[in-house]
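Below, all heavy atoms of this structure are taken into account, side chains as well, without hydrogens, waters or symmetry copies.
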Amino acid sequence: GMGGADEKPAHPLQGGGLKLAQIQAAHVPQILEPGRVPEVDLRVVQAGADVQLHAHALGGPDPVGGAARSGKAYAILVASDASDHTWRRANSFVAGTNQACLQVPYTKDELGFIIGRKELAIAALTDPALAASFVKALPQTEKTVAVLESLEEKIQRAKQRQKEAKAHQRNVRFGKK
């Protein structure tokens, strides 16, 4: 029954600024029918689970396309009820790149709600660790397994770069990087 679908109670965490721990505790379970999709487990993103999800997610075709062009769309998520046009467009963003496009088992309303927006047909996760933990929480398919492997590689490379950057900063205490 669709009765009262537009009568969604206001959620105290709505409107950006969501901390992952809060989403884990209160946000996601409320919007997903039990048993329909696994609870999205975003706890493992970073130590302290204090990263703000909305700071690492972009919504809508133009921002997502921009992120993909600059190689920062670690996972492009397309809602289950998005149009074919949106799905084709999302795939065109990642064509010829090593970025991934996934249809997720969430409606536009749910995808928007998870990310702290109204409704989203398409979103991009711009942090590789966040993208990896999000993909890990999805039902596993050949595609999600492949995407995860690619993300894990990117995370390792990023860690290596951070290590080198830290060493460089120790050497250059002052001045611009």
Side-chain angles (χ1 to χ4, degrees), residues 18 20-21 23-25 27-47 49 51-162:
L18 303 171
L20 290 174
I23 293 172
Q24 178 60 27
H27 198 63
V28 174
Q30 282 201 358
I31 60 161
L32 302 179
E33 295 163 29
R36 200 184 58 124
V37 280
E39 195 172 296
V40 180
D41 186 351
L42 295 169
R43 279 172 305 193
V44 282
V45 179
Q46 278 180 12
V51 175
Q52 295 188 319
L53 182 57
H54 74 106
H56 296 293
L58 296 169
D62 294 336
V64 169
R69 278 191 298 279
S70 61
K72 293 274 180 243
Y74 292 100
I76 292 180
L77 313 173
V78 179
S80 56
D81 56 350
S83 67
D84 285 346
H85 172 73
T86 300
W87 176 243
R88 280 197 303 273
R89 204 165 166 198
N91 278 289
S92 76
F93 290 151
V94 299
T97 75
N98 65 347
Q99 298 165 108
C101 179
L102 291 166
Q103 188 159 43
V104 292
Y106 309 111
T107 63
K108 290 185 276 203
D109 272 349
E110 290 167 342
L111 185 59
F113 206 44
I114 288 169
I115 284 166
R117 309 279 168 84
K118 265 221 141 61
E119 62 159 51
L120 283 179
I122 181 172
L125 298 177
T126 56
D127 175 86
L130 176 67
S133 37
F134 193 94
V135 173
K136 246 179 221 150
L138 295 172
Q140 295 300 287
T141 64
E142 250 172 72
K143 175 114 187 224
T144 59
V145 169
V147 168
L148 207 48
E149 275 174 21
S150 151
L151 284 169
E152 301 286 3
E153 265 169 46
K154 288 179 186 179
I155 292 166
Q156 287 313 313
R157 281 205 298 273
K159 276 196 184 131
Q160 191 54 42
R161 278 198 303 274
Q162 277 166 0

Colleague: Below 4.5 Å, heavy atoms only, C-beta onward: do P139 and T144 meet side chain to side chain?
Modeller: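 No, every pair of side-chain atoms sits at 4.5 Å or beyond.
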Colleague: For Q162, enumerate each residue passing the side chain to side chain donor-acceptor pair (under 3.5 Å) test, keeping only those at least two apart in sequence or located in another chain.
Modeller: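 Listed in chain order: nothing, the list is empty.
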Colleague: Of all residues at least two apart in sequence or in a different chain, which pass the side chain to side chain contact (heavy atoms under 4.5 Å, CB included) check with E153?
Modeller: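 Residues passing side chain to side chain contact (heavy atoms under 4.5 Å, CB included) with E153: R157.
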Colleague: What residues, two or more places apart in sequence or in another chain, satisfy side chain to side chain contact (heavy atoms under 4.5 Å, CB included) together with Q156?
Modeller: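 K159.
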Colleague: Run the side chain to side chain donor-acceptor pair (under 3.5 Å) test against T86 and tell me which residues pass, sequence neighbours left out.
Modeller: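 In terms of side chain to side chain donor-acceptor pair (under 3.5 Å), with neighbours along the sequence ignored, T86 is linked to S83.
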Colleague: Please enumerate all residues that pass side chain to side chain contact (heavy atoms under 4.5 Å, CB included) together with E149, with sequence neighbours excluded.
Modeller: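 Result, side chain to side chain contact (heavy atoms under 4.5 Å, CB included) vs E149: V145.
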Colleague: Run the side chain to side chain contact (heavy atoms under 4.5 Å, CB included) check on S150 and K154 step by step: do they pass?
Modeller: CA-CA 6 Å; S150 151; K154 288 179 186 179; 3.9 Å; yes
Colleague: Using the salt bridge (charged side-chain N to carboxylate O under 4.0 Å, His left out) rule, collect all pairs that involve residues 59-84, keeping only residues at least two apart or in two chains.
Modeller: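 Counting only pairs at least two positions apart or across chains, the salt bridge (charged side-chain N to carboxylate O under 4.0 Å, His left out) contacts touching residues 59-84 are D62-R89.
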Colleague: Taking the side chain as every heavy atom from C-beta outward, state whether K143 and Q103 have any atom pair closer than 4.5 Å.
Modeller: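 Result no, sub-4.5 Å side-chain heavy-atom pair not found.
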Colleague: My understanding is that only residues two or more places apart in sequence, or in another chain, count here; which of them pass side chain to side chain contact (heavy atoms under 4.5 Å, CB included) with T97?
Modeller: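 Here the qualifying residues are V94, Q99.
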Colleague: Between T126 and H56, is a side chain to side chain contact (heavy atoms under 4.5 Å, CB included) present by the stated rule, with each step listed?
Modeller: CA-CA 5 Å; T126 56; H56 296 293; 4.1 Å; yes
Colleague: Between CG of L77 and OH of Y106, what distance do you get to the nearest 0.5 Å?
Modeller: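 Here the rounded value is 9.0 Å.
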